[in-house]
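What follows is a short report on a single structure.
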Amino acid sequence: MVPLSWYLMVSAALFCLGIFGVLARRNAVAILMGTELMLNAANINLVAFWRHLRPDVMSGQVFTLMVFVVAAAEAAVGLALCIAIYSSRGTVVVEDMDLLKG
Amino acid sequence: MREALFNLTWLIPLFPLLAFALIILWTHPSRKWSTWVAWIGIGLAWLLGWTMFFLSWGDIHHLTPPEGNHPVPLWALPTGGSVLKIGFQIDTLTALMLFMVPFVCLMIFVYSKGYMGYGTEHPDPRYSRFFAYISLFACGMLGLVVSDNLLTLFIFWEIMGLCSYLLIGFWYDKSYPDPNRITPRQAGLKAFLTTRVGDVIMLIGLLLLYSQVGSLSFKDVFSQETLHMLAEQELWMPIFGTAPVATVIAILIFGGAVGKSAQFPLHVWLPDAMEGPTPVSALIHAATMVSAGVYLVARCFPLFMAVPLDHGGVQLAVVAFIGAFTALAASTIALAQNDVKRVLAYSTISQLGYMIAALGIGAYVAAVFHLITHAFFKALLFLGSGSVIHGVEHGHHKIAHGHHDHEEGHFDPNDMMNMGGLMNKMPRTAWTFIIGGGALAGIVPLAGFWSKDEILAHAWHEFQHTQHFGTFWPLFVWLLLTVAAALTAFYTARQICLTFLGEPRTEAARHAHESPPSMTWPLMILAFFAVILGLFGTPWANQYHELVGEAFAATPFDPFVAGLSTVLAVGGAVCGWLVYGRAPLRAGQVDPLKRWLGPVHGVLENKYYVDELYRLIVIRPVLRLAELCAKFDYDWVINRLVNTIGQLSIRTAERLGGLDLAVVDGTVNLVGRAARGLSTLSNTVDLKGVDGAVNGIGHVVKAGGRQMRTLQSGWVQDYLLLAVTMAIILLGFMLLVLPILR
Amino acid sequence: MGISHVLFILFSVLILGGGVMVVTRRNLVQAAGALILTLFGVAGLYVLLEAGFLAAVQILIYIGAIAILIIFAVMLTRRLADEQEPGLNSQWAWALGTAVMALAILVIVIQGTWPLAGGVVGNAPPLTGDSTSRLGVALLSPEQYAFPFEVASVLLLSAMLGAIVIAREKRH
Amino acid sequence: MLIASQILGLIAPQWILLVAAMLVLALDLTLGEEREGWLPYIALLGLGAALVASLSLWNRQVALFEGLFLIDRFAVFFQIIAVLATGLVILASIGYFEGKTPYKGQFYALLLVTALAITLLASAADLVMVFISIEVLSVTSYTLTGYLIADRKSTEAGLKFFLYGAAASAIMLYGMTLLYGATGSTNLAEIGRTLSLASGEGSRWLPIAAIVMLLVGFGFKVSAAPFHQWAPDVYEGAPTPFAAFLSVGSKAAGFAILLRVFLTALPDFRVDWFALVTTLSIATMTLGNLIAIFQENIKRMLAYSSIAQAGYILIGLACWDPQATGRESISAILFYLLAYLFTNLGAFTVVIAVERAVGTNEISDYAGLIRRNPWLAAALFVFFLSLVGIPPTGVFVGKLLIFAAAVRLEYYALVIVALINGVISLYYYYGVLRRVFFLAPRDEAPIAVSTPLRVVLAVTLIMTLGTAIFAQPFIRLALTSAVL
């Protein structure tokens, strides 16, 4: 059986990759992909903890399903926003969005 | 009957408040109605106030604080564990204040009608608003004196702060050709902000008090058990070490009084408060605002007395020292001022210093006595000076109308150098002013003599007879105050001579004429009081002592002190006459004092450069801090940090260079110039006041960090970088550093 | 080192390799493809963790819907010129530093002795019964998670509504 | 064991809000353009019904669905706050979208869902529930911020809000998984119990990491520094009524969940989060107040001001001490939120009124407001007095209560920092008021105020003053609601 800490290490690494993506990508859609990575990292944690701590209680798996739902909802709204911005400005590069500042 | 009347206490501040509301909401289009509403409001308050006063006089033994008072509870505010009770009360100190405050206010209200130009061709455009504001001001002061707890007292205190801002800045659209001269708007803001410094300190004191006692009502706080408890408990503070809680609270509350009563080092706002209309100056200086500070200390006097000096209770020593120092310093500054109202302003600061010092050496009755007499003669002096200014201004208008080419730059009707010889033009004003001046200088038997003498006698007595206070303090206070008394007589004589004697030094003064009766009548009434009030407080039959000082031993009459102070007062006045009266100044002639004192005169004229010092050590660093914090948010990118540090150091170097230049250059106006040379920033403060400074910082930020702003800002990933980095740093700190610290 | 270890390493390589490509590829279509690789890897971990239903959902919903949605969005918002522009912004070095710092701290936390609810790391309790049917019961019985399940449907509904409101054609 | 109808009764506010939202959506499709004006009133009816339902739940103390969902006075208090905020915002937005977007019905429907999310959040007692409710709130908020798709600022604000929020909630989720990993449970009460049994230094690490990560998410919701930077951009770009909602409703929800999670799941880690919350509190109020000085757009200024207010409220959390100030500090926070709700909504309503007449939100356009509409000027004056914390206004009493809690624990430094901040805040509020009262207007035309806006102004004005002058019933309400 694979030890719990292995899963956690992979999850932590994926989470930090996600953070890097969110902070460093120029394109808003790419940033969204970064958040997807972070959510997946959290999911790995949840399922791994569920399996290793209390597999008889299903809360970990239910939580994971909720995260799926949230990821879908966020993706829908986020991509809609990207498309709206794109249709008015012709770009989704976050650095170019500086109407609001100060 | 008496009880029923006392229960009406809450009406006293309500009348002016109603007047304020009526004027603001309905009567403001009509000057006539606004005047009457304001008069009736304060008039009713006066009637009720004097009724209370005379009733109390017959009932002294039931009303002596702190146990004996007549409570009028109003409101209860639960604050979690405890309940904050709020209400009004009457006791002897309140009653005495009710004798003075509404009456002097009434006189000022009456006078304002003429001063604001009622019925003339050019009434003030905001005439009604003025009466609304002063009504609210009177409400603030009256509410303050009838409060039975420190919270309502503080609220009314803040109402006065707000009104002082509105009234000092009343002519907010006025500006002067000289950019260094403070405008009314700036002066109002300065008064508001400076007193707020004191208020914050006071509020901290109140919070501390509340946390210790669980109540802010006088009855609870000044009860013997509470005071004993406060004196016993110790509080540890980072720098000062341990001190009794009572001492800490007393000093913090005194901070509020320092702000409101314009004591050193927060006195700077008061002279600039002269930018308001003269009735406002009289209101602030005599009846309301500055008295509030002294009243506060008098009100909290049991707290100040709670810890003796030998148990670590330094609070009275602090009070005495600040009071005496202020009294002397302000009177020296007054010597070198030419603005007729500024002289009075510094004399106010100085006389307030007397009262504070008197409280500091335990002369409670004398301080209250002086508070009352001072209110009357200082209101008289201010209204008199207003009358003089009014007259000169009208003279100026008359000649300006005569020949239009006469304009020789800006004419300052406040400058005493533009006056002279007004005795014949304005006899009523002149005589009442001289009576007021005599009272201020302490000439027998005018009011000021008796109250001042009692303070000095008390200090001397304290020096000779008591041990618990140490022997040094009373002597020190006595010395400072005595010197100040002599100086007071001198500058009062100077002022009277420059204003009223000799020949007119300008055309305007030549064409001045007496003010309307609505202005001169209040002067004469106040003059009457300035003469007789002292007679109720002679050492042989001291009514004040009977009224407010049951708990304190009377001070015996001391012929040495009385004689000395009389000699000094008369001597000072005679010196003043010798310098300025015997050979009156002619137009263009230099003040002889300037010749004799040389550079010292410059220092006095510039008020010891305290304003400049504040600009350097307070205003500028605060603005810089704000600028820095703004930049933190605008420009937060770590990879630009290096860039920023480089720029900052370059700019700092530039600033330092500017400082050097200014030091070398400026030999006369040393600090003033340095402050201006230091940066465009403080220059903007000079020009436009705090409001301008806000824009000014914006300008500096824009100019200094333009490229940085265009690079950054509005970039959401930048925000996220900050958030994530900070989260990681906090996490690292909590995981790795906190366990070590524990 | 059993077969599960080997599979774990395989899936981890898939996840992390894909992840690195997601955050570095200049071409966003390629990045989205790499995201699908990562999601497959995660599904593999679910299988290893004996959460079969989740693995299926991961493939069906995550890859089948979300990743495809993302690819659509990439297509819709892409200009040809984008290919030549850098994929990373000017603060990427600081972002890298932050991510590495975060990883370091997380590793420290994971290495600490921490499990509180009993059980020793590496010794998972045996799984009894059918986890998928138990998950179904948990999701739909009012005593357990039926209520959050309903809330999730509200979330999806409002997200759908919001997406329509925002992404519709402008008509004025 | 409760039967289904009882359960339906207990979650009545939630389903009434949902039904109202659906009804508004359906009617939007069927009513046609000329009767579109009914929609906000239908939404208000739904809110009224929800309010009645919540009030009927007062004094109930039930845990539904195996402890997932708590109905207690704390929850009901926030239900009331959510309904009040939403109702006032809906009233204030009547007529706002004229000429800005043809779609109005969806705004009200989504706003009702947002209110629903807040009521869910106030009752959530399980990490799953907390997460999903926060996400409902967030997702609808992103949409409503970017609602004006023809307005570039609005869409930009929406996207920024989304990117920031998605990242923050992912971090928060990771924290939640760590908490789950540390205790094996998602139920807040059970987590609290398990953590209180933990011992040894190593056992604290995982919860501490979770605390920081949770604070990222909650701090984002309440806009506490350093997680505040989205707020000014979003407030400026969002439709003004929704910016008003964000500043009170969303913030209140953030505090509700912050209190619920920290006080039920993490009370044993008070020593750890106390330091964190104190730091955030000081940073939040200082940054907010100092940067507000520089703002030229009133919505941005109010954004920074609302950041600063969050800092004051955090003092209340920092001063929570189970022995000394337990309920007192919580009730101070609740009272503050209630008073702040009316005050800030009122200030934003003035902004809406001016925006509708002038078209922009520049502070310079407020010059001479007193001559253009004295009532607006007077109202703004009262609201700003309240925001500064000058009596007799609601926020003043709130500050008093919070400071009282701080003083009781002898955290004088916090109080002093807050007081100094109060002085700084005078600076920028005064800057606006100076223009309003003393400067000459560029345009003398009077500003007309529509009837719904007048109603909102009247209600907020009366309540801003009323929560101070008749403070006792409100304080008692807050005290009785402060049970967790």
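Quick note: numbers below take in every heavy atom, side chains included, and nothing from hydrogens, waters or symmetry partners. Throughout, a chain's letter reflects where its sequence line sits, starting with A, and its residues are numbered from 1.
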Problem - Among the listed options C:Val57, C:Val137, C:Ile61, C:Leu7, the residue most often paired with chain A at heavy-atom distances under 4.5 Å - result: C:Val57
Practice task
Start with the C-alpha gap between A:Ile44 and C:Ile15, add the side-chain angles, then the distance that decides, and say whether side chain to side chain contact (heavy atoms under 4.5 Å, CB included) holds.
Solution key: CA-CA 11 Å; A:Ile44 296 175; C:Ile15 291 172; 4.2 Å; yes
Exercise for the section: Would you please classify the geometry between the C:Phe8 ring and the A:Tyr7 ring as parallel, tilted or perpendicular, with 30° and 60° separating the classes? Expected result: perpendicular
Practice task
Flag the one option from A:Leu81, A:Val57, A:Leu65, A:Val70 with the top tally of heavy-atom pairs under 4.5 Å to chain C.
Solution key: A:Leu65
Practice task
Apply ring-ring contact (aromatic ring centres under 6.0 Å, His included) to A:Phe15 and list each qualifying residue two or more places apart in sequence or on a separate chain.
Solution key: D:Tyr174
Practice task
Output the distance between atom CG (C:Leu106) and atom OG (A:Ser11), rounded to the nearest 0.5 Å.
Solution key: 8.0 Å
Exercise for the section: Identify which of C:Ile66, C:Leu69, C:Val100, C:Leu49 forms the greatest number of heavy-atom pairs closer than 4.5 Å to chain A. Expected result: C:Leu49
Exercise for the section: Could you tell me whether the side chain of C:His5 reaches within less than 4.5 Å of the side chain of A:Trp6, counting heavy atoms only? Expected result: yes
Exercise for the section: Apply side chain to side chain contact (heavy atoms under 4.5 Å, CB included) to A:Arg25 and C:Leu28, showing your working. Expected result: CA-CA 11 Å; A:Arg25 296 302 300 242; C:Leu28 287 185; 3.5 Å; yes
Handout entry: Matching residue for A:Glu36 among C:Ile70, C:Thr38, C:Leu39, C:Val22 - test: side chain to side chain contact (heavy atoms under 4.5 Å, CB included)
Key = C:Ile70
Practice task
First locate atom CD1 of C:Ile110, then atom CG of A:Leu4, and finally report the distance between them rounded to the nearest 0.5 Å.
Solution key: 8.5 Å
Practice task
Could you grab the distance from atom CZ of A:Phe20 to atom CG of C:Leu96, nearest 0.5 Å is fine?
Solution key: 5.0 Å
Exercise for the section: Find out whether C:Leu35 and A:Leu37 are in side-chain contact, i.e. whether some heavy atom of one side chain is under 4.5 Å from a heavy atom of the other. Expected result: yes
Handout entry: CG on C:Leu103 to CE on A:Met9, rounded to 0.5 Å
Key = 8.5 Å
Handout entry: Note, C:Tyr46 side chain near A:Thr64 side chain (heavy atom, < 4.5 Å)
Key = yes
Practice task
Find the one option among A:Ile19, A:Val47, A:Val29 whose heavy-atom pairs under 4.5 Å with chain C are most numerous.
Solution key: A:Val47
Problem - Which residues share a side chain to side chain contact (heavy atoms under 4.5 Å, CB included) with A:Arg26, sequence neighbours left out - result: A:Val93, A:Glu95, C:Glu85, C:Pro86, C:Asn89
Handout entry: A:Gln61 side-chain N/O to C:Leu135 backbone N/O, donor-acceptor pair under 3.5 Å
Key = no
Practice task
Would you indicate whether the side-chain heavy atoms of A:Val69 and C:Leu156 approach each other to under 4.5 Å?
Solution key: yes
Fill in the blank from the handout: So, the part of C:Ala51 with a heavy atom under 4.5 Å from chain A: the answer is both
Problem - Options C:Val151, C:Leu155, C:Leu157, ranked by heavy-atom pairs under 4.5 Å with chain A, top entry - result: C:Leu155
Handout entry: Check: A:Asn40 and C:Tyr62 side chains under 4.5 Å, non-hydrogen atoms
Key = yes
Completion exercise
Heavy-atom nearest pair, A:Leu23 first then C:Gln91, reads O-NE2, 3.2 Å
Handout entry: chain C interface, residue from A:Gly21, A:Cys16, A:Ala71, A:Ser59 that has the most non-hydrogen pairs under 4.5 Å
Key = A:Cys16
Exercise for the section: Flag the pair C:Leu54 / A:Phe68 as yes when at least one side-chain heavy-atom distance between them is below 4.5 Å, and no otherwise. Expected result: yes
Problem - C:Arg134 side chain vs A:Asp56 backbone, donor-acceptor pair below 3.5 Å - result: yes
Exercise for the section: Classify the side-chain pair A:Asn43/C:Gln58 by whether it contains a donor and acceptor separated by less than 3.5 Å. Expected result: no
Completion exercise
Looking only at heavy atoms, the pair that brings C:Ala138 and A:Met58 closest together is CB-CB, 3.8 Å
